[in-house]
Amino acid sequence: MRKKVTVVGSGNVGATAAHWMAAKELADVVLIDIIEGVPQGKGLDLLEAMPIEKRDSFVVGTNDYGDTANSDIVVITAGIPRKPGMSRDDLLNTNYKIMSDVVGKIVQYSPNCILIIVSNPLDAMAQAAYKLSGFSRNRVIGMAGVLDSARFRAFIAAELKVSVENVTAFVLGGHGDTMVPLPRYSTVAGIPITELIAKYLKTGSAYYAPSAATAEMVEAILKDKKKILPCAAYLQGEYGINGLFVGVPCKLGAGGIEQIVQIKLTAEEHHALQRSADSVKELVAVIGA
Ligand SMILES: NC(=O)c1ccc[n+]([C@@H]2O[C@H](COP(=O)([O-])OP(=O)(O)OC[C@H]3O[C@@H](n4cnc5c(N)ncnc54)[C@H](O)[C@@H]3O)[C@@H](O)[C@H]2O)c1
């Protein structure tokens, strides 16, 4: 049976995620948005690229949640960006309303799906989706760490002039200024980068990399790869954090998050993670999730 992935929000990240997934022939893809015409147009455009790419992924755009029924995975990218004059809390509350609307409909049509949340502020929106869906925690995953560590890896590879394939990197914590890169667990062909470089983390691409990161998580789940990736996960005591979405290493397979991997942290790393969790807690308090 072919797998089905719905992407909610057919803007930059959503449409590009659909592109990566269709190009990798991971699943049939449904793009849905509240704007009429845009998901249909982008979906048809992508479908028409498939003969050139020699892929049999079926792609369709819609405004009707009926078309999303029985999706295996639903990626949520719906949201609005911060507008001039808009406070952090206004943005939180607006995106929370969008999340409530979207999650309610998704749960109705795809009660057994796995949710991958991409909308920002990431950890708070993942927490909102977890509470709104009533799903078990293994089925609600936030996308941030794969992107943050990919950005980290790209800079390390460019700076050291080595293949990106030689570079592994790890980032923990919330998605934002307080994230915790772990140089001790980041290696170039097995050599910890603490021995090679000092500090590289910067910002990168706004949607090619985020959507590629999302597609990597989708692939790990659909192919039951048991791949360990940094994801925002609902912690229940792991890393000394309880009742909060925070970025940690997770094993992704057919069941979603199949294991939260606990690695040893130094006191300094632990403190940085706690500080990051505290900032997520502040956001979550605003929306009461
Ligand atoms: N987690 C990450 O690492 C990461 C990285 C990049 C972007 N993001 C976030 O992803 C989100 C999408 O970014 P983008 O650049 O694609 O934005 P975008 O504005 O291009 O697309 C967002 C889409 O959501 C749609 N939308 C709004 N309300 C909706 C609703 N109720 N139902 C269905 N669709 C709805 C809009 O019509 C729009 O097409 C943003 O919140 C952004 O901050 C997260």
Student: How many angstroms lie between atom SG of Cys250 and atom CE of Met217, to the nearest 0.5 angstrom?
Tutor: 8.0 Å
Student: Examine the side chains of Thr187 and Thr168 and answer whether a donor and an acceptor come within less than 3.5 Å of each other.
Tutor: yes
Student: Looking only at non-hydrogen atoms, find the nearest pair between Leu252 and Leu229 and report the distance.
Tutor: CD1-CD1, 4.1 Å
Student: Could you tell me whether a side-chain N or O of Glu238 sits under 3.5 Å from a main-chain N or O of Ile260, the two making a donor and an acceptor?
Tutor: no
Student: Answer yes or no: is there a donor N or O on one side and an acceptor on the other, between the side chain of Ser119 and the main chain of Ile76, under 3.5 Å?
Tutor: yes
Student: Can you pull out every ring pair (Phe, Tyr, Trp, His ring centres under 6.0 Å) where at least one residue sits in residues 121-147? Sequence neighbours excluded, please.
Tutor: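 Output for this query lists Tyr130-Tyr234, Tyr130-Phe245.
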Student: With sequence neighbours left out, what residues match Asn138 under side chain to side chain donor-acceptor pair (under 3.5 Å)?
Tutor: Ser136
Student: Can you tell me which residue pairs pass the side-chain hydrogen bond (donor to acceptor under 3.5 Å, both in side chains) test with a partner in residues 12-27, sequence neighbours excluded?
Tutor: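 Non-adjacent pairs meeting side-chain hydrogen bond (donor to acceptor under 3.5 Å, both in side chains): Trp20-Ser211.
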Student: With rounding to the nearest 0.5 angstrom, report the CG to CG distance, Leu244 to Asp123.
Tutor: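 With rounding to 0.5 Å, CG (Leu244) is 7.5 Å from CG (Asp123).
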Student: Could you list the residues that satisfy side chain to side chain donor-acceptor pair (under 3.5 Å) with Thr62, not counting sequence neighbours?
Tutor: Asp67
Student: Give the intermediate values and the outcome of side chain to side chain donor-acceptor pair (under 3.5 Å) for residues Thr6 and Ser71.
Tutor: CA-CA 6 Å; Thr6 286; Ser71 293; 2.7 Å; yes
Student: Can you tell me how far apart CD1 (Ile221) and NZ (Lys3) are? Round to the nearest 0.5 Å.
Tutor: 11.0 Å
Student: Should we count CD of Glu36 as having more than 12 external heavy atoms under 6.0 Å?
Tutor: no
Student: Kindly list each side-chain donor-acceptor pair under 3.5 angstrom involving residues 39-54, sequence neighbours excluded, with atom names and distances?
Tutor:
unit_1: Gln40; atom_1: OE1; unit_2: Gly37; atom_2: N; d: 3.1
unit_1: Gln40; atom_1: NE2; unit_2: Asn63; atom_2: OD1; d: 2.9
unit_1: Lys42; atom_1: NZ; unit_2: Ser10; atom_2: O; d: 3.0

Student: Start with the C-alpha gap between Cys113 and Ile73, add the side-chain angles, then the distance that decides, and say whether side-chain contact (heavy atoms from CB on, under 4.5 Å) holds.
Tutor: CA-CA 5 Å; Cys113 72; Ile73 296 181; over 6 Å; no
Student: Could you tell me which residues satisfy side chain to side chain donor-acceptor pair (under 3.5 Å) with Asn93, sequence neighbours excluded, listed by chain and number?
Tutor: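 Asn93 satisfies side chain to side chain donor-acceptor pair (under 3.5 Å) with no residue once adjacent residues are dropped.
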Student: Under the 3.5 angstrom rule, does the side chain of Thr77 hit a backbone N or O of Val13 as a donor-acceptor pair?
Tutor: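 Not confirmed, Thr77 side chain does not pair with Val13 backbone.
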Student: Is any side-chain heavy atom of His175 closer than 4.5 Å to a side-chain heavy atom of Asp148?
Tutor: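 Yes, close enough: below the 4.5 Å cut-off.
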Student: For residues 262-289, which residue pairs qualify under salt bridge (charged side-chain N to carboxylate O under 4.0 Å, His left out), counting only residues two or more places apart or in two chains?
Tutor: Arg88-Glu282, Arg184-Glu269
Student: Could you work out the complete set of other residues in the hydrophobic cluster of Ile35, with links drawn between I, L, V, M, F, W and Y side chains under 4.5 Å apart?
Tutor: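 Other cluster members: Val38.
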Student: Once side chain to side chain donor-acceptor pair (under 3.5 Å) is applied, do any residues pair with Ser276, and if so which ones, sequence neighbours excluded?
Tutor: Thr178
Student: If you measure from CG on Asp90 to CD1 on Ile80, what distance do you get to the nearest 0.5 Å?
Tutor: 9.0 Å
Student: Answer yes if Tyr109 and Val30 sit in the same cluster of Ile, Leu, Val, Met, Phe, Trp and Tyr residues linked by side chain heavy atoms under 4.5 Å apart, and no otherwise.
Tutor: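 Looking at the clustering, Val30 is in a separate group from Tyr109.
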Student: Kindly write out the residues that satisfy side-chain contact (heavy atoms from CB on, under 4.5 Å) with Asn242, not counting sequence neighbours, or none if the list is empty.
Tutor: Gln236
Student: Would you call Asp28 and Arg2 a salt bridge, using N to O less than 4.0 angstrom?
Tutor: yes
Student: For Ile263, is there any backbone N or O sitting under 3.5 Å from a side-chain donor or acceptor partner on Tyr185?
Tutor: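 A pair under 3.5 Å: no.
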Student: Sorted by first residue and then second, give each ring pair (Phe, Tyr, Trp, His ring centres under 6.0 Å) pair with at least one member in residues 56-96; sequence neighbours left out.
Tutor: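 Of all non-adjacent pairs touching residues 56-96, none passes ring pair (Phe, Tyr, Trp, His ring centres under 6.0 Å).
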Student: Please check: side-chain N/O of Thr68 versus main-chain N/O of Ser110, any donor-acceptor pairing under 3.5 Å?
Tutor: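 No.
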Student: Nearest 0.5 angstrom please: Met179 CE to Leu122 CG, how far?
Tutor: 11.5 Å
Student: Name the one of Lys226, Arg139, Lys251 that satisfies salt bridge (charged side-chain N to carboxylate O under 4.0 Å, His left out) with Glu258?
Tutor: Lys226
Student: When rounded to the nearest 0.5 angstrom, what distance separates CE in Met99 from CG in Leu92?
Tutor: 11.0 Å
Student: Apply salt bridge (Lys or Arg N to Asp or Glu O under 4.0 Å) to Lys225 and list each qualifying residue two or more places apart in sequence or on a separate chain.
Tutor: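 Salt bridge (Lys or Arg N to Asp or Glu O under 4.0 Å) list for Lys225, sorted by chain: empty.
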Student: Using a strict threshold of under 4.0 Å (side-chain N to carboxylate O), is an ion pair present between Lys97 and Asp101?
Tutor: no
